[in-house]
Amino acid sequence: MHDVATIAIKGDAKSNSDGVLLINSLHKSFGSNHVLIDFNLKLEGGEQVAVLGKSGSGKSVLIKCIIGLLVPDEGVINVLGHDIESLNSYELDQVRTKVGFLFQSNALYDSMTVRENLEFPLRRHSIKLTPSERYNKVIAVLQNVGLAHTVDMMPAELSGGMRKRIALARTLILEPEIILYDEPTTGLDPITGKEISRLIKTIGEKYNTSALIISHDMECIRMTSDRIIMLIDGKCYAQGTYEELKKSNDEKVKQFFE
Amino acid sequence: MSLPPIWRQFLYETGEISRFTGRFFSQGFKPRYEITELLRQCFIIGYKSLPLIGLTGFIMGLVLTMQIRPSLISYGAESQLPAMVGIAIVREIGPVITALIFAGKIGSSIGAELGSMKVTEQIDAMEVSGTNPFKYLVVTRVMASTLMLPVLVILGNAISLYGSYLGVNIRGVTSFDLFFKQVFDALSFKDFVPAFIKSYFFGFAVGMVGCFKGF
């Protein structure tokens, strides 16, 4: 078993400037349900790390804590040198411009066109661009995901895979340094899932972004991640590359590869 | 002594909606103001409700007139029909029926829309995009419904009185000018003001409950 405790981050996460994302002793409970127990993680610049775990194991809770949508009970989350819990709402918004979040359900705004969906983060984060610059930026990110022709379409007119790509384009529009992917291939057929996985890999290489990929899709994890962290019973149970973990004799690790 | 579960649930809901209302007043009047979204919601909540409110008001005025007419004829008081219908519609029936229709259409649509946005993580996405979802979604909708219901009540009353005018003319002949002169002669300023003011409270309550259930 590759116990993640061997790489546990010691001391104040703030003082460690190597990683773009540092999580130290994170605890999160909902009533008597302890979802995350002493969770530690370090994400290096340009690294793509997958967090693998069963449904309900707390993967989504983890990334919602990272982005500040949930408040942890204990522990330190340090994103790009900022302790998330100590930030006021303005500072948190500033950090969020550098962290992209691809939601499991895409979270495209139903009442807006694709263009309006993509322009929304630019407008709301008060990024000063002229209308033509904003439009060009929208078209550029749509071209990156191969869907420039959908600019004036409504989300309801798009297929599941297209919606996922548009959501990914919206994530990219602020040129984030870290991207958090919450189950990016859930609900997609295997072929579209592979396309999305390839796109995630390409984006990581092209923009040199760090990524935390939450998934239980082994093919997606194999294609996209440099390192895998296994989240079992709220703890970092094991970590390693795909090949290392595949060779593991631990029963809990093996069941993911069967 | 512990309270029965139904009472506990009632008190819990009352506490939660009070807290939600408090949050509206604490956040609703501070910048950043979502003026564009407020205007969009006024269009959706106000303008798009007008056909339903107008149709209901028209039928209400027409039917009320046709049902009251035989009774008034038997007392020899047919000439009082416009005044009677006018007072009934402007003082009470207009605001209450309009608010009920408004609650059914707008209250439920706000609840369903926000509930759907919550389930599909659109509210979380909004927060990640540097937007306070409470201000953007809740404050704008509650304000729009508070501002639009009085306008709809006025328009609904006008359409209802027109329906009444047509109802009078089905069996008799009364000119448009005479009908409305009789209506307005019977009404005074104090008939309009309470009805107008209470429709603001109805609008606020509809918006608030819809948002509370959905958000």
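Quick caveat: nothing in here was measured; it's all calculated off a predicted structure. First the proteins, then the strands, lettered A, B, ... as listed; each starts at 1.
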**Report entry** Contact listing (chain B partner; residues 97-104 of chain A; heavy atom under 4.5 Å)
**Finding:** F101(A), F103(A), Q104(A)
Query raised in the report: Taking everything shown except F30(A) itself, do over 12 heavy atoms lie less than 6.0 Å from its CZ?
Result: yes
Query raised in the report: So which bits of residues 127-146 of chain B come within less than 4.5 Å of chain A, counting non-hydrogen atoms only?
Result: E127(B), V128(B), S129(B), G130(B), T131(B), Y136(B)
Query raised in the report: Nearest heavy-atom pair of Q122(B) and D110(A): which atoms, and what distance?
Result: NE2-OD2, 3.0 Å
Query raised in the report: Tell me, side chain or backbone of L92(A) under 4.5 Å from chain B's heavy atoms, or both, or neither?
Result: neither
Query raised in the report: Closest approach of R124(A) and R32(B), non-hydrogen atoms and distance?
Result: O-NH1, 3.2 Å
Report task. Can you establish whether the number of heavy atoms outside F20(B) located under 6.0 Å from its atom CZ is more than 12? Result -> yes
Query raised in the report: Heavy-atom distance under 4.5 Å to chain B: side chain of R123(A), backbone, both or neither?
Result: backbone
Query raised in the report: Do other residues, nucleotides or ligands put more than 12 heavy atoms under 6.0 Å from the CZ atom of F29(B)?
Result: yes
Report summary line: Between the CG atom in D124(B) and the OG atom in S60(A), the distance rounded to the nearest 0.5 Å is 10.5 Å
Query raised in the report: Has the side chain of E121(B) got a donor or acceptor atom that lies under 3.5 Å from a matching backbone atom of A107(A)?
Result: no
Requested in this report: State whether the number of non-hydrogen atoms from other residues, nucleotides or ligands found under 6.0 Å of I170(B) atom CD1 is greater than 12.
Outcome: yes
Query raised in the report: Distance from S111(A) atom OG to R40(B) atom CZ, nearest 0.5 Å?
Result: 4.5 Å
Requested in this report: Check whether more than 12 heavy atoms from other residues, nucleotides or ligands sit under 6.0 Å from atom CZ of R8(B), and answer yes or no.
Outcome: yes
